[in-house]
Amino acid sequence: MSNAQRIVLPQTAVLTDDKGSYVLVIDSQNKVERRPVKVSGMVANGVTIADGIGKDDRVVATAARSFRWARP
């Protein structure tokens with residue numbers, strides 16, 4: 001698959017740690033799950049993803065390694 005056909009995510013959506021690159025996806029029960037991805041490169045508007053997510057997945061656009069929860 002060429003980069004033109006791959007999913008592009010904002011750079012802020014893709015995190016990396018000692019296990020590799022990953023994104024946070026909202027599942028069908030509205031819970032966050034970590035999903036490993038294979039990054040294939042960078043383009044002007046973000047990061048191209050070769051494998052790990054589909055076009056219908058709901059990806060957290062601005063992810064962080066840790067969260068701080070606030071109660072209203």
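For the numbers below, each heavy atom of this structure counts, side chains included, while hydrogens, waters and symmetry mates do not.
- Checked against side-chain contact (heavy atoms from CB on, under 4.5 Å), Lys19 has the following partners two or more places apart in sequence or in another chain: Asp17, Arg34.
- Atom CG of residue Leu9 and atom CZ of residue Arg6 lie 13.0 Å apart, to the nearest 0.5 angstrom.
- With sequence neighbours excluded, the residues forming a side-chain contact (heavy atoms from CB on, under 4.5 Å) with Ser21 are Val14, Thr16, Val37, Val39, listed by chain and number.
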*asked:* Evaluate Ile26 against Val60 for side-chain contact (heavy atoms from CB on, under 4.5 Å), listing each step before the verdict.
replied: CA-CA 7 Å; Ile26 309 299; Val60 176; 3.9 Å; yes

*List the steps and the verdict of side-chain contact (heavy atoms from CB on, under 4.5 Å) for Val8 and Asn45.*
CA-CA 8 Å; Val8 177; Asn45 58 336; 3.8 Å; yes

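- Residue pairs that meet the salt bridge (Lys or Arg N to Asp or Glu O under 4.0 Å) test with at least one member in residues 39-56, sequence neighbours left out, do not exist here.
- Under the salt bridge (charged side-chain N to carboxylate O under 4.0 Å, His left out) criterion, Asp57 pairs with Arg35, sequence neighbours left out.
- Of the candidates Val32, Leu24, Asn30, Asn30 is the only one forming a side chain to side chain contact (heavy atoms under 4.5 Å, CB included) with Arg58.
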*Just do the side-chain contact (heavy atoms from CB on, under 4.5 Å) check on Ile53 and Val23 with the steps written out, would you?*
CA-CA 9 Å; Ile53 58 169; Val23 296; 3.8 Å; yes

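- Between Val47 and Met42, the shortest heavy-atom contact is CG2-SD, 3.6 Å.
- Note that the OG1 atom of Thr48 and the CD1 atom of Ile7 stand 10.5 Å from one another [nearest 0.5 Å].
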